[in-house]
Amino acid sequence: MFEYSGVEDFQLISRTIDGNDNAFAELVKRHQHTVAKTVIGMLGPGADAEDVGQQVFIRFFRALEDFRGEAAVSTYLTRIAINLSLNELKRRKRTSQFFLKPPDNNRIEINMADTKDIESETDAEEMVNKALDSLEPKYRSVVVLRMIQGYSTKETAEMLKLPLGTVLSRLSRAQDKLKQILKPSIQ
Amino acid sequence: MSTKLRNLLNASFDRELTPEEDTGLSDALNDFAELQAEKNQLQRMRGLMKQFQPSFDSGFSQLVMDRIAEERKLKSSRAFVIAFQRIALPLLVAASLVLFVSALKSGDFSAESIIGICSLDMENLPQFLLFNY
């Protein structure tokens with residue numbers, strides 16, 4: 001396996017276009033955690049998120065020759081991830097309406113009364129998963145981009161193609177709701 | 001504590017406050033312990049969100065690369081089909097034109113004149129193929 005630690009993303013892209021799949025494997029390795037934060041943040045852990053995560057990289061692979069480098073690769077991938085995740089949520093909603101039962105999206109149910117302190121990373125992840133699941137997709141997406149991925153409010157608005165005011169308003173409402181859900185852990 | 005102050009506190013995390021808003025909020029944080037406590041909660045909540053570091057299953061990147069390999073195969077076979085069509089179709093058109101022009105010149109559009117095979121009875125076909133080809 002070749003060592004690519006000193007190689008920039010755009011060089012890896014060139015090499016992939018030239019037929020070097022090891023270069024693309026390095027891109028996947030570098031950016032899968034970024035994609036995971038977005039996709040799992042939006043969909044919860046499970047097979048759906050794994051599949052959507054793979055589709056993010058497949059889409060990226062197909063679009064490599066059109067990639068101009070105007071945005072960082074991580075930002076480009078996050079945009080794809082958010083769009084595919086929102087599509088998946090719409091699909092789940094249609095499916096649940098058709099079958100008249102809520103979809104199993106693998107969010108973990110936690111009895112908040114039993115959980116006072118966050119003792120481990122797993123606890124934190126479970127808490128956040130539950131909290132995110134309580135949000136509608138339009139609030140979840142701004143929370144994932146702004147609070148989890150750390151994009152600025154302006155970058156979040158650009159990625160979601162929303163006015164800045166809308167993003168600020170959604171963040172404010174999401175924050176209030178998250179505070180309620182996570183109260184036992186943050187008091 | 002007013003809704004306006006609470007909204008300002010929320011907003012302070014996501015946008016730059018005007019100098020007046022900033023002063024107003026700072027004063028309110030000094031004056032109202034409840035507001036300061038809420039700010040601390042929001043900071044803890046945001047810290048918790050930043051701790052969210054999920055990951056895909058361990059075989060994730062291999063699954064992606066397997067799908068990439070499939071994509072490459074599909075791309076090559078599509079490229080082959082397109083290349084074949086680009087070469088074979090013009091050749092077919094050219095051959096058809098040559099045969100048509102030839103038939104036009106001879107004034108004879110029979111199968112014998114176009115492809116050079118005498119009229120055959122079907123029962124003579126096996127012998128014909130055996131002796132001629």
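Here is how names work: the chains are called A, B, and so on, in the same order as the sequence lines, proteins then strands, and each is numbered from 1. All heavy atoms count here, side chains included; hydrogens, waters and symmetry mates do not.
At a 4.5 Å heavy-atom cutoff, the contact between A:Lys179 and chain B is made by backbone and side-chain atoms alike. Heavy-atom distances place no part of A:Thr34 under 4.5 Å from chain B, backbone and side chain included. Within the 4.5 angstrom heavy-atom criterion, atoms from both the backbone and the side chain of B:Gln41 approach chain A. For A:Leu168, the part lying near chain B is the side chain, with the backbone staying farther off; criterion is any non-hydrogen pair under 4.5 Å. Looking at A:Val143, the atoms closer than 4.5 Å to chain B (heavy atoms on both sides) all sit in the side chain, from C-beta outward. For chain A, the nearby part of B:Met65 is the side chain; its heavy atoms alone come within less than 4.5 Å. Neither the backbone nor the side chain of B:Gln43 comes within contact range of chain A, judged by heavy atoms closer than 4.5 Å.
A continuous path of hydrophobic side-chain contacts links B:Leu17 to B:Phe32 [ILVMFWY only; heavy atoms under 4.5 Å]. A:Leu77 and A:Ile17 fall within the same hydrophobic cluster, defined by Ile, Leu, Val, Met, Phe, Trp and Tyr side-chain heavy atoms under 4.5 Å apart, directly or through other members. A:Phe10 and A:Leu64 are not part of a single hydrophobic cluster, where members link through side-chain heavy atoms under 4.5 Å apart. In this structure, B:Leu63 is not a member of the same hydrophobic cluster as A:Leu43, with clusters built from ILVMFWY side-chain heavy atoms closer than 4.5 Å.
Enclosure of atom CZ in A:Arg173 is not indicated, since only 12 or fewer non-hydrogen atoms of other residues, nucleotides or ligands lie within 6.0 angstrom.
In this structure, CG in A:Asp176 is found 8.0 Å from CZ in B:Arg6, a value given to the nearest 0.5 Å. Rounding to the nearest 0.5 Å gives a distance of 10.5 Å between CD of A:Glu26 and OG of B:Ser61. Rounding to the nearest 0.5 Å places CZ of B:Phe52 at 4.5 Å from CG of A:Asn129. Taken to the nearest 0.5 Å, the CZ atom of B:Arg72 stands 7.0 Å off from the OG1 atom of A:Thr16.
Contact count against chain A (heavy-atom pairs under 4.5 Å) is highest for B:Arg67 among B:Arg67, B:Arg15, B:Lys50. No other option in A:Thr153, A:Val28, A:Asp21 has as many heavy-atom pairs under 4.5 Å with chain B as A:Asp21.
Looking at heavy atoms from C-beta onward, B:Gln53 lies in side-chain contact with A:Lys37 at the 4.5 angstrom threshold. Looking only at side-chain heavy atoms (C-beta outward), B:Met49 and A:Leu178 come within less than 4.5 Å of each other. Using a 4.5 Å heavy-atom threshold, the side chains of B:Phe13 and A:Leu171 count as separate.
Ionic pairing of B:Asp14 and A:Arg170 is not present here: no N-O contact between side-chain nitrogen and carboxylate oxygen is shorter than 4.0 angstrom.
Between the side chain of A:Glu50 and the main chain of B:Asp57, a donor-acceptor pair closer than 3.5 Å is present.
B:Asn10 approaches A:Ser172 most closely through the heavy-atom pair ND2-OG, 3.3 Å. Among all heavy-atom pairs drawn from B:Ser55 and A:Ala36, the shortest one is CA-CB, 4.0 Å.
Among residues 54-63 of chain A, the residues having any heavy atom closer than 4.5 Å to a heavy atom of chain B are, in sequence order, A:Gln54, A:Gln55, A:Phe57, A:Ile58, A:Phe61, A:Arg62.
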Exercise for review: Walk me through it: do A:Gln32 and B:Val64 pass the test side-chain contact (heavy atoms from CB on, under 4.5 Å)?
Suggested key: CA-CA 10 Å; A:Gln32 64 170 305; B:Val64 171; over 6 Å; no

